[in-house]
Enquirer: 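Take this structure, written in structure tokens, and hold onto it; I'll ask about it next.
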Amino acid sequence: MIRDMTDETHVTDSYFPAEVERKWRARWDEEGTNSFTDDAIARIGREGRPFYNLMMFPYPSAEGLHVGNIYAFTGADIHGRYRRLLGDNVFEPIGFDAFGIHSENFALKHGVHPMELIPRNIENFTRQLRRVGFMYDWSHTVDTTSPEYYRWTQWLFLQFYKAGVAVKKEAPVNWCPGCNTVLANEQVIAGACERCGSAVEMRTLSQWFFRISDYAQRLLDNLKTLDWSDTTRRMQENWIGRSEGAELVFPIAGMDGESVRVFTTRPDTVFGATYMVLAPEHPLVDRITTDQRRTAVNEYIQAVVSSDLVNRKITDKQKTGVDTGARAINPATGQEIPVWIADYVLMEYGTGAIMAVPGHDERDFAFAQAFDLPVRRVIAGSGDSADSPVGEVYSGGGTLVNSGEYDGMESGEAKSAITAALAQRGLGEARVNFRLHDWCVSRQRYWGPPIPILYCDACGTVPVPEDQLPVTLPFIENYKPDASGISPLARHEEWYLTECPSCGGRARRETDVSDTFLDSAWYFLRYPSAGNHLAPFDPEVTRNWLPVNTYIGGNEHAVLHLLYSRFVTMVLKDLGHIHFEEPFTRFRAHGLIVKDGAKMSKSRGNVIVPDDFIEEYGADTFRTYLMFLGPYQEGGDFREAGITGPYNFLNRLWDAVLSAEDRPIDPAVERKLHATIAKCSEDLGELSYNTAIAAMMEYLNVVRTGGRTPEREAVQPLVTLIAPFAPHMAEELWSRTGGEGSIFDNGRWPTFDPAKTVADEVEFVVQVNGKLRARLVMRRGITESEARDVALSDANVRRFLEGVELRKVVFVPDRLVNLVVG
RNA sequence: GCGAAAGUGGCGGAAUGGCAGACGCGCUGGUCUUAGGAACCAGUGGCUCCGGCUUUGGGGGUUCGAAUCCCCCCUUUCGCACCA
């Protein structure tokens with residue numbers, strides 16, 4: 001009867017997802033159900049606490065939205081919808097991360113200009129995203145390639161420049177010969193380009209860097225305060241790579257004032273340093289190499305430079321190297337030791353030089369073996385002594401031997417003692433070293449925001465005045481990069497030649513663009529202020545909405561995007577632009593969706609096209625199915641057959657709600673209802689969606705046992721419980737059962753009474769010696785002795801007690817009695 | 001090599017010290033029926049003399065009791081990788 005009253009469209013009694021979904025999508029758009037006006041954003045619009053629900057914005061590829069995107073967004077959307085049903089004022093934006101090499105390469109390959117390609121892709125993505133029923137505020141969206149956005153990316157660069165955080169320096173950089181551009185260290189995986197897989201070369205170029213390494217300690221310390229997935233936190237920790245040790249000074253024999261500084265985590269082994277190794281690129285090499293050795297050294301350096309990083313970073317190959325002829329003085333022993341160069345020492349870590357302790361370091365040992373260098377034992381592990389043979393490496397801690405006055409000291413203690421003693425003689429100091437390097441942001445490509453810097457013959461480096469932003473990326477026909485290391489924009493004099501803003505003379509624009517990761521390192525600040533022409537982020541709005549409450553995304557961005565975002569936020573805080581230094585209060589990494597156990601990829605041909613499934617079963621079923629596959633934070637295996645489970649479930653739920661009748665609820669059903677609400681509430685808070693769905697299914701099975709007609713009171717709460725998963729259906733059921741407006745505005749997450757989740761009687765497990773022998777119903781709260789008597793009176797239990805002595809009774813209230821016999 | 005996570009029916013998975021296999025797929029049988037990609041009912045790890053026995057990668061241990069905690073081994077996935 002109720003259904004006839006609200007049946008405005010021709011939605012029939014049977015569940016037709018396509019009709020229901022079309023109807024509600026249109027209504028959400030018309031009524032702006034999910035959007036905030038800018039005014040509402042400024043005043044914190046609706047009622048309730050502001051809750052910023054963020055998900056990693058997609059790169060709008062030409063292939064369109066894939067299952068992985070939908071999986072990620074659905075989990076995040078459910079989170080947002082749940083918070084909204086709890087009464088929070090949820091802001092859930094989406095945008096597009098559309099600059100970068102990926103788009104540019106695609107454009108080059110297909111002969112379409114990115115300025116044509118990207119808007120088309122964004123349009124397609126938007127269309128697809130709308131079909132899935134996300135709660136996006138389409139009035140606050142972001143496109144990193146729009147001048148309205150990158151104007152502020154450039155503004156950011158200028159702030160960093162003025163603060164001395166952005167610096168141009170001549171430095172060895174990772175050059176990708178495939179992409180024809182430099183890469184950040186984070187983009188180099190085992191010596192290869194993470195994008196195209198080419199072996200990365202080292203080139204020395206003048207590039208813009210952000211001094212993220214100055215923030216290493218803070219980035220590390222703050223991790224402890226964040227509510228983040230452990231996996232993500234650990235990846236950042238490893239990437240920052242803090243190690244404690246000492247920097248020690250080894251004077252060069254016969255060269256006054258010349259010395260080699262090394263970083264070591266094992267100053268306790270300095271007495272065992274029998275030679276030194278410098279990276280082939282080390283600036284000292286040229287000066288200290290003796291004349292006799294110069295030819296050999298130069299040849300070796302040539303060979304190393306012409307090889308690539310992939311090759312160089314193979315760890316199990318035969319060690320190579322060459323003696324420079326120079327001799328250094330071991331500051332601990334006073335002995336002269338040879339100085340070699342070898343490619344296993346990397347210029348980019350520590351000081352680019354090491355003291356080699358072959359007795360206690362595997363790599364040094366391998367090198368010493370190859371070149372017949374002396375090995376000396378200075379640490380004795382358990383069972384070793386000073387005279388133990390040095391046929392193998394011992395890299396653990398222990399007691400010092402062959403170390404003069406330090407003999408007998410434990411290595412932990414010796415580390416600080418030796419460092420202190422050397423420091424007193426000016427030959428060392430305690431030192432913390434980080435793996436994290438400065439972030440190279442220059443890219444010799446076309447598809448990115450031009451770096452807003454000018455070079456004037458008279459004034460030198462001049463920042464573009466802020467009121468002249470944006471420096472617009474021009475449309476150029478030939479944007480193909482080349483191997484020269486010079487950007488495509490550098491081929492366009494009409495663009496780069498300009499007037500110096502300070503002297504009026506001729507100036508040349510910086511022709512490199514910035515790294516895409518800079519675009520995405522601050523987009524979350526822009527969303528609430530999207531459309532603001534006066535500032536990148538309105539101070540008032542930002543104070544109301546940030547930091548982000550929950551951020552959900554993939555772990556593939558654990559070090560790149562998340563680290564850069566944290567860094568950018570810290571700098572902005574230090575510069576007084578924002579009031580917080582950590583952008584994402586809570587971060588959860590979602591899992592990966594695979595197909596038949598393998599990652600989905602075009603080359604494997606196992607990519608799932610979501611459109612077909614949405615067409616056939618509807619977005620609600622598709623969403624529910626994806627979340628039911630497995631734990632959201634672990635991912636799952638996409639199996640087409642499985643979708644009928646959630647489809648049937650939603651059908652049954654629909655029927656149950658619409659066929660319910662008004663009569664008192666059965667006490668057993670009521671108990672199950674309260675238990676189900678409790679379970680769903682707990683699970684949604686933890687993003688444990690698969691078990692929440694299972695709990696609802698289980699409950700619906702109880703409600704409909706034997707095809708019984710359900711009580712209204714029993715099924716009405718299900719409409720709200722399912723709403724985060726199947727929002728269209730929930731709206732329709734809400735409206736058909738007399739609800740006003742949108743369930744997300746007027747519905748409330750149901751509450752439960754803990755007392756009602758349990759019955760007066762409970763089923764006890766009765767064990768004999770830990771083995772199940774009976775299940776007996778007893779009164780809730782029964783005492784141990786009563787329960788024991790009940791258990792002992794059971795015939796089957798008694799059978800197992802014959803002829804043995806009862807030794808002990810283990811009692812778990814309302815749960816279990818275990819009779820221990822012997 | 002280092003670090004981390006995981007290993008449970010035919011399959012996806014549930015249970016994190018107390019009934020292993022919830023929920024779903026698939027499968028078997030049945031009811032109804034406009035014979036169906038519907039709904040409902042019963043069953044579904046293995047063995048069984050129908051009392052039970054056995055079972056969570058393998059082996060050992062702790063415990064009254066272990067998928068869960070500890071040790072060793074195997075396998076898989078992910079991250080880092082000559083980081084001094």
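Excluded from the calculations below are hydrogen atoms, water molecules and symmetry mates; all remaining heavy atoms, backbone and side chain alike, are included. Predicted model only: the values in this text are computed from it and were never measured. To find a chain, count down the sequence lines: A is the first, B the second, and so on, and within it residues start at 1.
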Enquirer: According to a strict under-4.0 Å criterion, is A:N690 in side-chain N/O contact with OP1 or OP2 of B:rA14?
Expert: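 Yes.
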Enquirer: Which of these nucleotides, B:rC64, B:rA14, B:rU54, is closest to any side-chain atom of A:V810?
Expert: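 In terms of side-chain proximity for A:V810, the closest of B:rC64, B:rA14, B:rU54 is B:rC64.
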Enquirer: Whole Å only: how far is the CG atom of A:L816 from the P atom of B:rA15?
Expert: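 To the nearest whole Å, that distance equals 20 Å.
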Enquirer: A:N701 has an atom CG; how far is it from atom C1' of B:rA22, in whole Å?
Expert: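 Whole-Å distance recorded here is 11 Å.
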Enquirer: Send over the distance from A:R652 CZ to B:rC41 C1', rounded to a whole Å.
Expert: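 To the nearest whole Å, that distance equals 13 Å.
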Enquirer: So, under a plain 3.5 Å distance rule, would you say the side chain of A:E616 forms a donor-acceptor pair with the base of B:rG37?
Expert: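 Answer yes: a donor N or O sits under 3.5 Å from an acceptor.
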Enquirer: Report the distance from atom CZ of A:F628 to atom P of B:rG26, rounded to the nearest whole Å.
Expert: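 Roughly 12 Å, once rounded to whole Å.
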Enquirer: So, OP1 or OP2 of B:rG52: does either fall under 4.0 Å of a side-chain N or O from A:R773?
Expert: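 Answer is no, no contact under 4.0 Å.
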Enquirer: Between atom CD in A:E802 and atom P in B:rG52, what is the gap in whole Å?
Expert: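 Distance, rounded to whole Å: 13 Å.
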Enquirer: For the side chain of A:R799, starting at C-beta, report the closest nucleotide among B:rU54, B:rG52, B:rA14.
Expert: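 Of the candidates, B:rG52 comes closest.
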Enquirer: Partner lookup for B:rC78, please. Criteria are Watson-Crick or G-U wobble with both distances under 3.5 angstrom; report none if nothing qualifies.
Expert: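 Check on B:rC78: paired to B:rG3, both distances under 3.5 Å.
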Enquirer: CZ of A:R233 versus P of B:rG79: gap in Å, rounded?
Expert: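 From A:R233 CZ to B:rG79 P: 20 Å.
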Enquirer: Rounded to the nearest 0.5 Å, what separates atom NE2 in A:H557 from atom CD in A:E186?
Expert: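 With rounding to 0.5 Å, NE2 (A:H557) is 12.5 Å from CD (A:E186).
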Enquirer: Hey, is B:rG51 sitting syn or anti, using the within-90° cutoff around 0?
Expert: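 It is syn.
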Enquirer: Answer syn or anti for B:rG9, where the cut-off is 90° from 0 on the glycosidic torsion.
Expert: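 It is syn.
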Enquirer: Taking the inter-plane angle between the rings of A:H360 and A:Y394 on a 0 to 90° scale, is it parallel (under 30°), tilted (30 to 60°) or perpendicular (over 60°)?
Expert: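 Rings of A:H360 and A:Y394: perpendicular, over 60°.
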Enquirer: Where does the angle between the aromatic ring planes of A:Y689 and A:F725 fall among parallel (under 30°), tilted (30 to 60°) and perpendicular (over 60°)?
Expert: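 A:Y689 vs A:F725 ring planes: perpendicular.
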Enquirer: Is any side-chain N of the basic residue among A:R708 and A:E711 closer than 4.0 Å to the acidic one's carboxylate O?
Expert: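 Salt bridge: yes.
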Enquirer: Partner lookup for B:rU44, please. Criteria are Watson-Crick or G-U wobble with both distances under 3.5 angstrom; report none if nothing qualifies.
Expert: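 Matched B:rU44 with B:rG26 under the 3.5 Å cut-off.
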Enquirer: Aromatic ring centroids of A:Y344 and A:F367 under 6.0 Å?
Expert: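 Ring-ring flag for A:Y344/A:F367: true, centres closer than 6.0 Å.
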Enquirer: What is the distance, rounded to the nearest whole Å, between atom CD of A:Q633 and atom P of B:rA5?
Expert: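 Going from A:Q633 (CD) to B:rA5 (P), I get 15 Å.
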Enquirer: I'd like the C1' distance from B:rA66 over to B:rG1, given in whole Å.
Expert: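 These two C1' atoms come out 33 Å apart once rounded.
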Enquirer: Could you check whether A:N555 gets within reach of a base, just the sugar-phosphate, or nothing at all, counting any heavy atom under 4.0 Å?
Expert: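 Here A:N555 touches no strand at all.
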Enquirer: Whole angstroms only, please: what is the CD-P distance between A:E640 and B:rC25?
Expert: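 Atom-to-atom, A:E640 to B:rC25, this comes out as 16 Å.
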Enquirer: Rounded to whole angstrom, note down the C1' distance from B:rG59 over to B:rU75.
Expert: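 These two C1' atoms come out 15 Å apart once rounded.
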Enquirer: Assess whether one donor atom and one acceptor atom, taken from the side chain of A:R775 and the base of B:rC19, lie less than 3.5 Å apart.
Expert: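 Side chain to base: pair found, below 3.5 Å.
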Enquirer: Checking only heavy atoms, does the side chain of A:Q767 share a donor-acceptor pair with the base of B:rG18 at less than 3.5 Å?
Expert: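 It does, because a donor-acceptor pair links the side chain of A:Q767 to the base of B:rG18 below 3.5 Å.
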Enquirer: When the P atoms of B:rG9 and B:rA67 are considered, how many whole Å apart are they?
Expert: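 Their P atoms lie roughly 14 Å apart.
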Enquirer: Mapping A:L346 and A:M235 to their closest nucleotides on RNA chain B, which lands nearer the 5' end?
Expert: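 Nearest-nucleotide comparison on RNA chain B picks A:M235.
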Enquirer: Please report the distance separating the P of B:rA81 from the corresponding atom of B:rU76, rounded so that it comes out in whole Å.
Expert: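 It works out to 22 Å between them.
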Enquirer: So, A:F613 versus A:Y647, ring centres under 6.0 angstrom or not?
Expert: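 Between A:Y647 and A:F613, which both carry aromatic rings, the centre distance is not below 6.0 Å.
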Enquirer: With the side chain of A:I189 defined as its heavy atoms from C-beta on, choose the nearest nucleotide among B:rA39, B:rC80, B:rA14.
Expert: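 Out of B:rA39, B:rC80, B:rA14, the nucleotide with an atom closest to A:I189's side chain is B:rC80.
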Enquirer: Using the ring centroid of each side chain, check whether A:F638 and A:Y625 are separated by less than 6.0 Å.
Expert: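 A:F638 vs A:Y625: aromatic centres under 6.0 Å.
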Enquirer: Nearest nucleotide by nearest heavy atom, which residue falls closer to the 5' end of RNA chain B, A:R815 or A:R234?
Expert: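 Per heavy-atom nearest nucleotide, the more 5' residue is A:R234.
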Enquirer: Roughly how far apart, to the nearest Å, are B:rG52 and B:rU33 at atom P?
Expert: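 After rounding to an integer number of Å, I get 42 Å for this pair.
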Enquirer: What nucleotide among B:rA84, B:rC64, B:rC19 has an atom nearest to a side-chain atom of A:K808?
Expert: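 Minimum distance to the A:K808 side chain belongs to B:rC64.
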Enquirer: Checking contacts here: which listed nucleotide (B:rC64, B:rC80, B:rC41) is nearest the side-chain heavy atoms of A:N818?
Expert: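 So the side chain of A:N818 is nearest to B:rC64.
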Enquirer: With rounding to the closest Å, how many angstrom separate the C1' atoms on B:rA14 and B:rG45?
Expert: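 It works out to 15 Å between them.
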Enquirer: Roughly how far apart, to the nearest Å, are B:rC80 and B:rC47 at atom P?
Expert: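 Each nucleotide's P atom is 47 Å from the other's.
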Enquirer: I want to check one thing: is the phosphate of B:rG52, taken as OP1 and OP2, less than 4.0 Å away from some side-chain N or O of A:N796?
Expert: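 Result: yes.
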Enquirer: Report the nucleotide, chosen from B:rA84, B:rA81, B:rA39, that has the shortest atom-to-atom distance to any side-chain atom of A:S243.
Expert: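 When the side chain of A:S243 is considered, B:rA84 is the closest of B:rA84, B:rA81, B:rA39.
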Enquirer: When you compare B:rG10 with B:rA4, how far apart are their P atoms, in angstrom units rounded to a whole number?
Expert: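 So the two P atoms sit 33 Å from each other.
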